[in-house]
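On a predicted model such as this, the values are computed, not experimentally measured, just so you know. Chain A is the first sequence line, chain B the second, and so forth, proteins listed ahead of strands; every chain is numbered from 1. Only heavy atoms go into these numbers, but all of them, side chains included; no hydrogens, no water, no symmetry mates.
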Amino acid sequence: MQNKGKINGNQLIEIGYPEGKVIGIALEVIQKEYSLMEPDEVLDIMKNVLASPSDFLNDLKTSFIAEELLKPNKKDEIIELLPSPRLYKIYGKEGIEAGAIKQMDTAMRLPVSIAGALMPDAHQGYGLPIGGVLATRNTVIPYGVGVDIGCRMCMSIFDIPAGYVETGKGDLMKMLVNNTMFGRATFKKPKDHEIISNPLFSEIEILRGLKERAYAQLGSSGGGNHFVEFGIVEVVDSNNEWNIAPGKYLSLLSHSGSRGMGATIANYYTKLAMETCKLPQEAKHLAWLDLDTEAGQEYWLAMNLAGDYASACHHQIHERMAIGLRTNPVAMIENHHNFAWKEKDEKGNDVIVHRKGATPAGKGVLGIIPGSMTAPGYVVRGKGDEASVNSASHGAGRAMSRTQAKNTLKPETVKQQLQKAGVELIGSGLDEAPMAYKDIRTVMEAQKDLVEVVGVFLPKIVRMCGDEKFQEVD
DNA sequence: ATGTCC
């Protein structure tokens with residue numbers, strides 16, 4: 001027989017072995033000790049060990065399996081939540097849906113949670129709500145970061161008069177159409193970037209299979225609420241970081257993340273976390289990885305790589321536009337809003353701060369909070385408010401779900417609003433219409449203790465992922 | 001958000 005000793009994990013599970021570490025140990029023992037035996041005989045031995053492990057504790061061959069079987073099975077133990085959530089602050093509570101608050105309550109009942117806050121643009125997500133901020137001790141929650149790891153904003157301010165968005169409109173539109181890629185579209189020949197030669201792409205198993213597509217998608221933008229847009233930024237703070245005179249300038253703003261790479265990493269490690277960290281039903285998507293484990297360290301490295309990759313994509317977008325404009329920006333501002341950071345709490349202890357749809361707003365930290373296609377976005381400087389865990393919103397937040405927007409909004413109404421606001425739109429669907437978003441001014445009012453406004457941005461030429469149904473109506 | 005369903 002050519003398959004002597006060949007047993008796989010599934011066969012062990014079939015005869016009743018619990019999923020987990022013991023499978024690996026048993027397979028190792030089988031390979032080492034029973035490789036010449038018929039599979040059926042091996043399975044019989046394995047059955048006997050399983051039926052009465054204590055009888056095999058002194059067996060030379062199977063004692064390791066027996067020991068593992070006798071260990072209290074931590075894998076199936078459901079970790080208890082605290083009876084009530086730790087206190088946390090909600091900003092702009094009146095505008096936040098109940099489901100998001102419920103999800104944040106659940107997150108604040110995790111035994112690993114230390115602090116948290118809910119931003120005024122919050123809405124329901126998987127695990128941590130979008131707009132949720134959560135500080136934990138030495139653990140990282142993949143769905144506390146979100147699927148689009150490193151989703152971020154980037155703004156370039158050019159020393160070009162604001163009037164150019166009108167006088168140069170045709171050229172700017174061409175630059176967007178020819179030099180940005182959305183959805184499935186990618187560049188025929190992506191620009192090289194050092195991120196692709198990062199050794200982690202060969203050192204971490206899950207990343208090996210992601211390198212090729214990451215290269216193919218380099219410099220692209222994705223779909224949904226991602227955009228690249230030209231607009232006018234008014235710098236309102238004379239005491240700004242770049243010594244720019246207050247006034248209006250041509251500006252480029254982009255919003256996108258880590259494409260397929262981050263999504264694959266997020267889903268892979270969430271699944272892994274859910275296998276090792278069993279939580280009650282309502283909290284199961286908040287499964288965490290201990291940063292002292294191999295999986296936790298791998299996720300941390302992979303997450304950071306995905307963040308750097310997302311940043312690289314933005315930089316290439318901005319580089320292409322700067323080439324088109326034949327000038328370099330006088331200022332660049334950028335920030336992740338789906339990410340986890342190692343920070344210090346007020347006592348100086350290390351904490352892991354997850355921001356899932358939240359802008360870092362430590363004291364003096366610059367960030368960008370976009371509004372909608374027709375509403376202003378803001379360049380902000382964090383005030384370092386402790387209660388917010390040094391955070392602010394990452395946008396206005398949705399007022400309508402995507403389906404609701406698609407079903408109720410009329411293309412003509414949206415077009416009228418765009419026209420009124422003087423906004424030229426390339427691509428997009430009805431679900432990204434301005435009316436689908438909350439009023440950003442109300443959201444900013446709710447977080448005035450968290451950030452101060454450095455500049456106000458108005459979108460003028462917006463490119464998003466296309467939507468045929470919306471496009472047809474011309 | 002996502003080679004938009006392994």
Side-chain angles (χ1 to χ4, degrees), chain A residues 10 100 103 121-132 141-154 180-188 190 196 201 206-228 254-272 274-275 285 299 302-303 305-307 309-311 313-314 317 335-340 354-359 370 393-398 400-403 405-406 427-432 436-437 463-471:
Chain A
N10 283 337
Q103 286 186 319
D121 59 339
H123 53 99
Q124 274 187 82
Y126 271 106
L128 196 65
I130 321 298
I141 303 170
Y143 269 13
V145 169
V147 175
D148 192 4
I149 299 171
C151 187
R152 71 202 315 269
M153 304 300 304
C154 185
T180 66
M181 292 292 170
F182 284 82
R184 292 200 297 211
T186 52
F187 291 99
K188 275 180 197 152
I196 301 299
F201 275 115
I206 181 80
L207 295 179
R208 275 180 220 148
L210 298 179
K211 181 171 173 168
E212 202 177 326
R213 181 158 45 97
Y215 176 64
Q217 294 185 326
L218 196 56
S220 69
S221 293
N225 57 7
H226 290 174
F227 60 75
V228 182
S254 53
H255 173 219
S256 54
S258 52
R259 312 292 274 109
M261 177 188 167
T264 310
I265 294 168
N267 290 323
Y268 174 80
Y269 286 100
T270 294
K271 209 174 152 233
L272 205 63
M274 283 169 68
E275 281 168 13
H285 288 119
Y299 173 78
M303 177 196 77
L305 187 68
Y309 174 76
S311 173
C313 290
H314 280 267
I317 292 165
N335 66 274
H336 287 321
H337 54 219
N338 280 11
F339 211 62
H354 305 74
R355 294 189 181 87
K356 186 186 194 179
T359 305
S393 88
H394 80 314
R398 296 197 76 92
M400 281 181 206
S401 70
R402 290 189 183 280
T403 10
K406 279 181 184 164
S428 181
L430 278 174
D431 48 347
E432 287 301 325
Y437 284 91
R463 182 163 192 209
M464 300 186 85
C465 194
D467 178 308
E468 285 173 27
K469 279 180 190 164
F470 186 45
Q471 299 290 302

Does OH belonging to A:Tyr126 count more than 12 external heavy atoms closer than 6.0 Å?
no
Check this for me: A:Arg184, atom CZ, are more than 12 non-hydrogen atoms of other residues, nucleotides or ligands nearer than 6.0 Å?
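No, CZ of A:Arg184 has 12 or fewer neighbouring heavy atoms, counting only those of other groups under 6.0 Å.
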What's A:Gly223 touching, base or sugar-phosphate or nothing? Going by heavy atoms closer than 4.0 Å.
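Touches sugar-phosphate only.
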Which part of the nucleic acid does A:Gly222 contact within heavy-atom distance under 4.0 Å: base, sugar-phosphate only, or nothing?
sugar-phosphate
Quick one: ring-ring contact (aromatic ring centres under 6.0 Å, His included) partners of A:Tyr269, sequence neighbours excluded?
A:Tyr299
5' to 3' on DNA chain B, which nucleotides open and close the contacts with chain A (atom under 4.0 Å from a heavy atom)?
B:dA1 to B:dT4
Please check if the distance between the ring centroids of A:His394 and A:His255 is under 6.0 Å.
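No, too far apart.
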Residues in side-chain contact (heavy atoms from CB on, under 4.5 Å) with A:Arg355, at least two apart?
A:Val133, A:Trp341, A:Glu343, A:Val353, A:Ala358, A:Pro360, A:Asn390, A:Ser391
